[in-house]
Structure formats: C-alpha cells, structure tokens
Enquirer: 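Here it is: the structure, laid out below.
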Amino acid sequence: MKSEPSDVSIDDLASLPDQTIDWYGVRNYQARNFMRDQMKPGDGVLFYHSNCAAPGIAGLAEVSKLAYPDRTQFDPEHRYFDAKSTPENPRWVNVDVKLVRKTRLLPLTELYTYPQLANMRTLQRGNRLSITPVDPGEWEFIQTLI
DNA sequence: GCCAACGTTGGC
DNA sequence: GCCAACGTTGGC
C-alpha cells in the first residue's frame, strides 16, 4: 500500500493512537476493490513511501478492520470529498491499517535488482495503482531483505 | 519540472 | 459505445 510520506509516513503511523490509520483517500476503483473484496483483518501489508525523495518499503503493517465507507467522501471541506457519494450509497471504502514494525528503508531501486521480484505487480512498468496484491513468494522473499 | 502511462469525462 | 481531451500518478 502506497502512502506519500508528506501525507502519512511510517513515523506518522507509529505516532497515531493504536498505531492505526483508516486508509482514506483511495479514489481508484481497482484499488478500492482490492480493499473491499480481498483484504481482511490480519492480512500483511507492505507500507510503501511513494512520490518522495527515497521511494521504497518503509515498514510492515497489517489490515486491522474490514472495508467500510471512507469518511472523507462525505465532507465538503475535504480534498477527497465526492459529491456523487451519499451515506446511503457510498462509493468509496477503506480498511484500517495497523503498524507491525518499522523496517529499514528498502529502496525501489533495490527491489528492481531481485529476480525473485521480477513479476511483482507494483514493480511492473506503467503500474499506478496505490494498492496491489503481493504474492506469497514475494512476501516471503521480502521478509528476508528487511 | 518532465513525461510516460493510464484512468475518467463527456460530446457525439 | 467511441474516443479525444484532460487529469493523475509517481519515478526520475
């Protein structure tokens, strides 16, 4: 799961109550569907810093709550407000994510060097999704790097 | 700041 | 339903 550290960094997550955040702001249907349909409490999460000087995996986290309506879509003052969404028929959802532990920064440039990760979805050319599945083999390999 | 890639919008 | 225009993502 990608987060811009200028918005929410791994250290920000560590300082939050219960070290947990609602993963608000996803406004892409594919990424939303991953949260809605594939993610359940206890699932492992790679917390990734994107759009920053040192992009890469910054920590391990886990899903701590099933997907539910994203609070920010209903708030007209919020940058993620969606006028077409209603509480009766919400368009956007998010899961909650809880920190497991901060890791060393595993840079994107390093991830690209491992043949074991050659097919990792988030590393594929042109991928822009902020949330992508990680294969079990990729997950296990990454555990050995951090 | 550039730009490739790709998603969304809206006229027709 | 097509597709041009536009917006966003995110590495570099």
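Side chains included, hydrogens not; waters and symmetry mates left out as well; all remaining heavy atoms used. Please read these numbers as outputs of a predicted model, since none were measured by experiment. Lettering of chains follows the sequences in order, A, B, ..., and the numbering in each one begins at 1.
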Enquirer: Could you list who else is in A:V93's hydrophobic cluster, with ILVMFWY side chains joined at under 4.5 Å, directly or through other members?
Expert: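 Reading the cluster by chain and number, A:V93 sits alone, since nothing else belongs.
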Enquirer: Clusters formed by hydrophobic residues whose side-chain heavy atoms approach within less than 4.5 Å: which one holds A:L117, and what are its other members?
Expert: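 Grouped by the 4.5 Å side-chain rule, A:L46, A:Y48, A:I57, A:L60, A:V100, A:L106, A:L108, A:L111, A:Y112, A:Y114, A:M120, A:L123, A:V134, A:W139, A:F141, A:I142, A:L145, A:I146 form the rest of the cluster around A:L117.
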Enquirer: Output the rest of the hydrophobic cluster of A:Y29: all Ile, Leu, Val, Met, Phe, Trp and Tyr residues reachable through side-chain heavy-atom contacts under 4.5 Å, sorted by chain and number.
Expert: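 Besides A:Y29, the cluster holds A:W92.
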Enquirer: By the salt bridge (Lys or Arg N to Asp or Glu O under 4.0 Å) test, which pairs, at least two apart or in different chains, include something from residues 30-54 of chain A?
Expert: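 Qualifying pairs, neighbours excluded: A:K40-A:D43.
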Enquirer: Let me have a per-nucleotide readout for nucleotides 1-7 of chain C, 5' to 3', with B, S or -, counting only protein heavy atoms under 4.0 Å.
Expert: ------B
Enquirer: Using whole Å, what does the distance between atom C1' of nucleotide C:dT9 and atom NE2 of A:H49 come to?
Expert: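 Rounding to the nearest Å, NE2 of A:H49 and C1' of C:dT9 are 17 Å apart.
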Enquirer: To which residues is A:F74 joined in a hydrophobic cluster, defined by side-chain heavy-atom contacts under 4.5 Å among Ile, Leu, Val, Met, Phe, Trp and Tyr, whether direct or through other members?
Expert: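 Direct or chained contacts put A:F74 with none.
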Enquirer: If we ignore angles and hydrogens, is there a donor and acceptor under 3.5 Å between the side chains of A:Y68 and A:D96?
Expert: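 Yes.
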Enquirer: Quick one: A:R27 CZ to C:dT8 P, roughly how many Å, whole number?
Expert: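 In whole Å, C:dT8 P lies 13 Å from A:R27 CZ.
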Enquirer: Verify the distance criterion only: is there a donor paired with an acceptor across the side chains of A:T72 and A:R27 at less than 3.5 Å?
Expert: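 There is such a pair (donor and acceptor under 3.5 Å, judged by atom type) between the side chains of A:T72 and A:R27.
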Enquirer: Nearest whole angstrom, please: distance from the C1' of C:dG11 to the CG of A:N127.
Expert: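 Nearest whole value for this atom pair: 12 Å.
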Enquirer: At less than 4.0 Å, is any side-chain N or O atom of A:K2 found next to OP1 or OP2 of C:dT9? Yes or no.
Expert: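 Answer is no, no contact under 4.0 Å.
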Enquirer: What is the distance from CD of A:Q124 to C1' of C:dG10, rounded to the nearest Å?
Expert: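 In whole Å, C:dG10 C1' and A:Q124 CD are 16 Å from each other.
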Enquirer: Measure from CD1 on A:I57 to C1' on C:dG11 and round the result to the nearest Å.
Expert: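 So the two atoms are 16 Å apart, to the nearest Å.
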Enquirer: A:D7 CG to C:dT9 C1': how many Å, rounded?
Expert: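 Those two atoms, CG and C1', are 14 Å apart.
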Enquirer: Separation of A:N28 atom CG from B:dT8 atom C1', in whole Å?
Expert: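 Checked: the CG to C1' distance equals 10 Å.
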Enquirer: Starting at OH of A:Y112 and ending at P of C:dG10, how long is that distance when rounded to a whole Å?
Expert: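 Interatomic distance, OH of A:Y112 to P of C:dG10: 11 Å.
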Enquirer: Return the nearest nucleotide to the side chain of A:N51; candidates are C:dG11, B:dT8, B:dT9.
Expert: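 Looking only at heavy atoms from C-beta outward on A:N51, the closest nucleotide is C:dG11.
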Enquirer: Go through C:dG11, B:dT8, C:dC12 for me and flag the one nearest to the A:T109 side chain.
Expert: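 Of all the options, the side chain of A:T109 is nearest to C:dC12.
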